[in-house]
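Remarks on the structure that follows.
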Amino acid sequence: MWACQDAYPSSPPPGRSLVRSWLGMNALVRRGVARVGIPCIWRGKCFSSGNEPAESNRVTPMLRHLMYKIKSTGPISVAEYMKEVLTNPAKGYYVHHDMLGEKGDFITSPEISQIFGELLGIWFVSEWMTSGKSTAFQLVELGPGRGTLAGDILRVFSQLGSVLKTCDISIHLVEVSQKLSEIQALTLTEEKLPLERDAESLVYMKGVTKSGIPISWYRDLKDVPKGYSFYLAHEFFDALPVHKFQKTPQGWREVLVDIDPQVSDKLRFVLAPCATPAEAFIQHDERRDHVEVCPDAGIIIQELSERIALAGGAALIADYGHDGTKTDTFRGFCGHQLHDVLIAPGTADLTADVDFSYLRRMAQGKVASLGPVEQRTFLKNMGIDVRLKVLLDKADEPSLKQQLLRGYDMLMNPQKMGERFNFFALLPHQRLHDASQERNARQSKIPTSSVAGFDELVWQ
Ligand code: SAH
């Protein structure tokens with residue numbers, strides 16, 4: 001862990017100690033943070049598969065579109081359903097909604113507390129320093145939401161200007177949502193400097209951040225330049241489409257979405273009558289009787305792994321999930337309430353827990369992976385307690401202190417987000433090899449990893 005005294009018992013390298021002391025020195029409080037209430041529901045919370053009492057079965061444009069599709073070609077996979085509902089370019093939930101925050105459908109860690117993004121900013125600076133202070137790096141965020149997390153990270157980069165001054169940084173955002181990309185631009189760029197826009201181009205928007213760093217928007221990771229990069233995905237993988245399978249006496253059968261013949265304008269789940277091609281994603285020794293697989297997550301992890309192996313850098317992935325143990329986690333959220341996934345499609349968020357064991361398998365052979373570790377462990381290792389104390393000491397209004405404490409509790413409490421959310425990282429093999437040699441050289445008996453936030457190294 002980067003802030004651990006044991007990592008450098010005698011003389012820490014100068015850059016590292018500077019980063020460590022940042023936690024205690026800079027006490028800027030994010031503007032507006034104290035004014036929002038924290039809703040008590042977050043997406044990692046509960047499970048549902050459309051079994052809650054159904055509300056009025058509103059016929060949304062998306063429901064009409066899906067019924068037309070199913071009538072013409074037959075029942076569709078849950079993955080196709082999820083993809084259409086969330087990212088259909090004309091009617092998708094993500095494309096035209098701002099679903100985040102108090103007035104939206106769910107809340108995420110960066111929206112709850114500025115400390116979250118700050119500690120992630122420190123993670124990237126720490127990794128950049130440990131892996132040789134390259135002369136340039138790209139920060140690439142997948143699914144940046146309202147741009148709040150990137151904003152908090154950029155504030156840390158600015159405050160650590162003396163450490164990063166020789167480094168050429170650029171920001172690259174991968175976002176399918178027209179609406180959210182506009183909000184991200186408002187959060188991150190100077191209003192007075194106009195953005196370059198070209199809807200037809202792979203880089204559909206371009207500008208400069210408030211701190212003068214070039215920033216570009218893409219719809220697909222594949223279009224981001226392949227240079228030395230730090231990748232970040234927070235609550236992104238859970239939004240990718242999953243296939244669902246049920247074990248039956250006849251073998252695995254895929255769960256499909258069909259029109260309910262009993263009730264007009266209603267969808268229902270059915271089982272495919274025979275094996276479907278996506279079954280190939282199920283492990284031969286699978287013991288569960290219901291599984292969810294996310295091929296899109298596999299493709300993205302393979303792309304990230306190839307890029308990191310080729311050009312260097314790291315990926316930090318944070319999400320709620322499990323290590324290949326859970327079964328039915330597909331659920332919907334609307335207005336901070338659980339929502340039947342098949343009702344009024346297009347008006348609610350759909351999500352499924354991330355299977356970190358699958359991500360690990362997809363990275364294997366190309367890069368090393370670390371984690372998943374629980375959010376509360378990761379943030380503790382990153383120095384959240386020190387940072388909270390400094391912000392509390394500097395906060396002048398009691399309401400601000402309250403907000404900071406409530407935010408800390410949401411992020412860290414095992415009953416809230418502390419245990420359900422996990423951190424997972426991809427790193428070049430050499431990075432972990434160096435870390436292990438460094439530890440052996442010091443003959444340390446303390447089983448800590450030199451990779452910030454993670455307690456122990458996991459060898460692939
Ligand atoms: N990371 C943010 C937002 C999480 S919500 C936060 O933690 O607050 C999911 C984000 O991923 C949204 O920005 C959504 O528009 C984006 N998204 C969902 N599916 C996507 C896809 N297939 N490609 C790119 N972005 C996607």
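In each ligand, atom 1 is the first atom listed, and ligand 1 is the first ligand listed.
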A student comparing E175, R219, E235 should find that the heavy atom closest to atom 9 (C) of ligand 1 comes from E235

Atom OG1 in T347, atom CE in M99: separation rounded to 0.5 Å?
-> 12.0 Å

Backbone or side-chain N or O of H234 under 3.5 Å from ligand 1 N or O = yes

So the atoms of ligand 1 within less than 4.0 Å of a heavy atom of S177 turn out to be 15 (O)

For E190, all residues meeting salt bridge (Lys or Arg N to Asp or Glu O under 4.0 Å), sequence neighbours excluded | none

L180 heavy atoms, cut-off 4.0 Å: which ligand 1 atoms fall inside?
-> 12 (C), 13 (O), 15 (O)

Ion pair present between K179 and D98, side-chain N to carboxylate O less than 4.0 angstrom?
-> no

Please determine which of Y228, F230, F124 meets the ring pair (Phe, Tyr, Trp, His ring centres under 6.0 Å) test together with F137.
-> F230

Can any side-chain N or O of D319 pair as donor or acceptor with the backbone N or O of F237 at less than 3.5 Å?
-> yes

Going by the order shown, which atoms of ligand 1 are within less than 4.0 Å of some heavy atom of G145?
-> 2 (C), 3 (C), 13 (O)

Test of proximity, T87 against ligand 1: N or O pairs below 3.5 Å = no

Ligand 1 contact on V176 by region, counting heavy-atom pairs under 4.0 Å = both

Proximity to ligand 1 by part of P110, non-hydrogen separation under 4.0 Å = side chain

In ligand 1, the atoms that come under 4.0 Å of a heavy atom of F236 are 11 (O), 20 (C), 21 (C), 23 (N), 24 (C), 25 (N), 26 (C)

Identify, by atom number and element, the atoms of ligand 1 in contact range of T108, meaning under 4.0 Å from any of its heavy atoms.
-> 6 (C), 7 (O), 8 (O)

Going by the angle between their ring planes, with limits at 30° and 60°, are F378 and W123 parallel, tilted or perpendicular?
-> tilted

When you measure from atom 18 (C) of ligand 1 to each heavy atom in Y93, F237, Y94, F106, which option holds the nearest one?
-> Y94

If a pair satisfies salt bridge (charged side-chain N to carboxylate O under 4.0 Å, His left out) and one of its residues is in residues 295-308, list it, with sequence neighbours excluded.
-> E303-R307

Taking 4.0 angstrom as the limit, do E127 and R431 come out as a salt bridge?
-> yes

Using only heavy-atom distances, determine whether the side chains of E254 and H243 contain a donor-acceptor pair under 3.5 Å.
-> yes

From I183, L240, D296 - option closest to atom 22 (N) of ligand 1 by heavy atom = L240

Counting both backbone and side chain atoms, is some N or O of L100 under 3.5 Å from an N or O of ligand 1?
-> no

